[in-house]
Amino acid sequence: MKSSVFCFRPTSPERVGFESLEEVKSSRTPRSPYIKEKCRNLMAWIGKGGHKHYGSSDFSYDPMSYALNFEDESSRADEFPSLNFSSRLPATPDRSPDIKHLGETPITDAVFPSSKPESRNCTVTDSTAPNSLVFSKQTLTESAVKSRLAFKGIASGMAELDGSSAADTLLLELHQILNSCSKSISGGDLSHSQTSVSELVSFLDSVSDAAISEPENGDAKANAFKILSEIYQILCSPSLDHEIMDALSFELPKSASKFAGISPQCLEIADNVVHQFIRKCSPRDMLSILCEALDSPNKTVKAAAYLSPLISGLSNVFLSIQRRHFEQIKVAVPVVVKVVKVISSEPDSQDTELETLFDRVVVNALSIQTVCTNMETGENGKLQALLGLYVLQILALISVSANHLPFALRLASLLPYCEDEEDCSRFSSHVYLGASLSVILAQKYDEFARAAKLDLSALKTELQNNQTKKWQAIGMLKHIFSSVDLPWEFKRDAVDFLLYITSGDISNELDDEHNDCSLYMTSIFSALQAVTMIIIYTSDAALRKNAFEALKRVLGDIPDSQRFDILKALIKNSDSSSMVAILLDLVRGEMHRESTLRMSVCKDKALEADSKSRQNTLFWSTGILELVESVMRPVAGGPPILPDNSDAVLSALNLYRYVLMTESAGKTNYTGVRSKNNLQKAYNEWLLPLRILVSSIEAANKNDNDQLAVDTVCALNPVELVLYRCLELVEENLKHPV
């Protein structure tokens, strides 16, 4: 990396260049009414934000981007020198006697040959077709001929083959629908074209849904494979009219991708189908089509498998871009991140399908790197920055997989693109999570550190000796601690890393003026709150012990003036009685440390002692009584719920008893605990209601011998003991209130 501490830095106000694009007019070859209508519909979809399957407002793409970012139509002239396909075909031969009465047969009868092995050679001349297309010596299979004859109502002598098998029936239906599509699209019939294409999509969806919904049905899988193979053979035909290809490109990539979850063979063919559209159609159009398809899976589709061909298609589109690379790629990157994030967090996603998806996403990033490499130096700065942010997000997403290391190693070489000066705030928290994980992976795997060019030793030393950067690092690690998707091993490694960087003692060498962490209070609190959750929920005793030690070390690094606020916030925002008890005990420990420090001041330094005592009463304040009250009288009112909160109540009573005894012995009143009003409030509102509650619970369980009753009484015994001692202390101090 250009900076080894990229992931532990404050963000910069600079942007990576997400400015809106200027509107530019470009000449285009006129499209058919069908294509124009589909383009308008697609752009309207994009303008409205598309399907909201994932409910994210962070990722959307601007329809105005597409008109600017690819080569204009003049640049396509080299790829498609002539749209008059008849000019590229041989001269018209004599009409074959076998089909000489099919003068009105749609073009697709010759354009869409079947892939079945039994075939015969026919020569077709269709003088009535648009552009006077001629097909000579075309290889037409028997199923294609049957489809044509059945469609014209003259399938004499072949009707018995129509229902010979389910596959033949489906192939026959497919060819009939394709004939209808070809005729309507070529004839410029917009309404009928839309109906025909919709019928084709519904047919393909029914075939794929049947195979996916019944994974044990071998016939359904075989039928799906044959239909998808037939579609691919059709698209590969050199005689396929480009106008028809354009029309089908709006829907077929999506429909073909739905077959990907049926079998590895179907996935391979779906990849080829999408690639064929990218090869023959406008990259600009295909980018918008693939982005729309990525955002619209249905419930019957295996989502991870469905996304794989589409993401691979985007990789091919990136490599097909001729200019405005950054503007195009920045549109697709957020779409990919969003859908992969949703799929990777779904509990029912299969590991094999996820790994296939992750592989495609990594290839997607590598294709962007290839584009960066091919661009001239000085023009690829924005794209490199975008690639760096993309890699960090991908790294976070693939880490949920148990087999994350191979993908992480392939991405490691791209991490140097993550530069310090770029602002990550536009992206999701996965950017910060990926940055933190890059350090943890480098700590765990030497090969990852080498590939990423990360000097981990220098990074650790810098974080140990620089308090500000240490706080930044703690705030970054919260993304690992709080993640519900990451394996526990990452949290264990992150806790070990935190223990290492907090092993120094530089906080005691700085005064509060130069040790202010106010800017990082929010992130530090979030990190500590996530650490408490690890302590509560981990089943690993060693991890629990290390996490608690890390919690104490981080609290020790926080200045005294802000440590109490952090502890108070942790206590009031915790739902765990045991954790509240632990945190209250930490507060009591801090108060004892302050008290000991005051008493250690020499008597002959009276002025210094007076100044020092004022500085060391930060925990000895009225805020202590607020903490006790938050436990003794919860927000809902009334006494606490017992025995559920017995741990927190016992700790709060011990804290109150300690404060009252210490203030009484020292004849002080820093906390206000000895004032008459506070003593009466504690007696009447905290202690007496609690005594009544404890007594009633014990009476109710006195004669029960079941285990629950025994456990309840045992939990309340220490509470009752400390409670009665507190009552005695309050009654005694009420005789001589301050």
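The structure displayed is predicted, hence computed values, not measured ones. We use all heavy atoms of the structure for the numbers below, so side chains are in, but hydrogens, waters and symmetry mates are not.
Between V649 and L690 the shortest side-chain heavy-atom distance falls below 4.5 Å. With a 4.5 Å cut-off on side-chain heavy atoms, Y656 and L625 count as touching. Contact check for L693 versus P689: no side-chain heavy atoms found under the 4.5 Å cut-off. Side chains of I398 and L411 form a contact here, defined as non-hydrogen atoms less than 4.5 Å apart. Residues H430 and L392 have side chains not in contact (no heavy-atom distance under 4.5 Å, counting atoms from C-beta outward). Side-chain contact check for K478 versus S436: every heavy-atom pair is 4.5 Å or farther apart. Inter-residue side-chain proximity for P737 and N678 is flagged as unmet; no heavy-atom pair is nearer than 4.5 Å. Using a 4.5 Å heavy-atom threshold, the side chains of L441 and H404 count as touching.
Using a 4.0 Å cut-off between charged nitrogen and carboxylate oxygen, E489 and R492 do not count as a salt-bridge pair. Using a cutoff of 4.0 Å between basic side-chain nitrogens and carboxylate oxygens, R593 and D560 are scored as salt-bridged. The existence of a salt bridge linking E549 and K545 is excluded, since no basic side-chain nitrogen approaches an acidic carboxylate oxygen closer than 4.0 Å.
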Using the rule given for salt bridge (charged side-chain N to carboxylate O under 4.0 Å, His left out), can you reason through D585 versus R588, listing the C-alpha separation, both sets of side-chain angles and the distance that settles it, and then say yes or no? CA-CA 5 Å; D585 287 344; R588 184 154 54 92; 3.2 Å; yes
Test log, rule side chain to side chain contact (heavy atoms under 4.5 Å, CB included), inputs L456 and L459: CA-CA 5 Å; L456 192 62; L459 173 61; 4.1 Å; yes
The test is side chain to side chain contact (heavy atoms under 4.5 Å, CB included); show your working for V631 and N645 and say whether it passes. CA-CA 9 Å; V631 177; N645 294 316; over 6 Å; no
Worked check of side chain to side chain contact (heavy atoms under 4.5 Å, CB included) between F490 and K444: CA-CA 10 Å; F490 281 110; K444 190 172 183 180; 6.0 Å; no
M591 and T662: CA distance, side-chain angles, deciding distance, side chain to side chain contact (heavy atoms under 4.5 Å, CB included) verdict: CA-CA 10 Å; M591 296 183 72; T662 305; over 6 Å; no
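In terms of heavy atoms, P634 sits closest to P639 at CD-C, 4.1 Å. Here the closest heavy-atom approach between residue L627 and residue S630 is recorded as O-OG, 2.5 Å. Residues L437 and S399 come closest through the heavy atom pair CD1-OG, 3.4 Å. Minimum interatomic distance between F448 and A408 (heavy atoms only, all atoms of both residues): CE1-O, 3.4 Å. For the pair G434 and A396, the tightest heavy-atom approach, listed with the atom from each and the gap, is N-CB, 3.8 Å. Considering every non-hydrogen atom in both D647 and S578, the closest pair reads OD2-OG, 3.0 Å.
Remark: side-chain polar atoms of T538 are not paired, donor with acceptor, to backbone N or O of I534 under 3.5 angstrom. The backbone N or O of I558 lies less than 3.5 Å from a partner atom in the side chain of R563, making a donor-acceptor pair. Of the possible polar contacts, none joining the R633 side chain to the W686 backbone as a donor-acceptor pair under 3.5 Å is found. Listed for the S483 side chain is no donor-acceptor partner under 3.5 Å among the backbone atoms of I480. One N or O on the side chain of T532 and one on the backbone of Q529 form a donor-acceptor pair closer than 3.5 Å. Side-chain atoms of T502 do not come within 3.5 Å of backbone N or O of V554 as any donor-acceptor pair. The backbone N or O of E462 lies less than 3.5 Å from no partner atom in the side chain of N466, so there is not a single donor-acceptor pair. S574 places no side-chain N or O within donor-acceptor distance of the main-chain N or O of L570, the cut-off being under 3.5 Å. Under a 3.5 Å cut-off, the side chain of S651 and the backbone N or O of A648 do not form any donor-acceptor pair. With hydrogens and angles ignored, the 3.5 Å screen pairs no side-chain donor or acceptor of D540 with any backbone N or O of R544.
Between the OG1 atom in T668 and the CH2 atom in W620 there is a gap of 6.5 Å [rounded to 0.5 Å]. Interatomic distance, CD1 of I624 versus CZ of F564, reported as 4.5 Å (0.5 Å rounding). Atom OG of S646 sits about 12.0 Å away from atom CD1 of I641, to the nearest 0.5 Å. With rounding to the nearest 0.5 Å, the separation of CG in N701 from CG in L708 is 7.0 Å. For the atom pair L397 CG and L354 CG, the distance stands at 10.5 Å (nearest 0.5 Å). One distance of note links CG of N546 with CZ of R553; it measures 9.0 Å at 0.5 Å rounding.
Annotation: N705, atom CG; neighbour count of heavy atoms from other residues, nucleotides and ligands within 6.0 Å does not exceed 12. The environment of E685 atom CD is dense: over 12 non-hydrogen atoms of other residues, nucleotides or ligands sit within 6.0 angstrom.
For the 3.5 Å distance criterion, the side chains of N733 and S664 qualify, holding a donor opposite an acceptor.
Each of Y670, F619, Y658 was compared with S595 under the side chain to side chain contact (heavy atoms under 4.5 Å, CB included) criterion, and only Y658 meets it. Of the options L653, V694, L650, a side chain to side chain contact (heavy atoms under 4.5 Å, CB included) to E720 is made by V694 and by none of the others.
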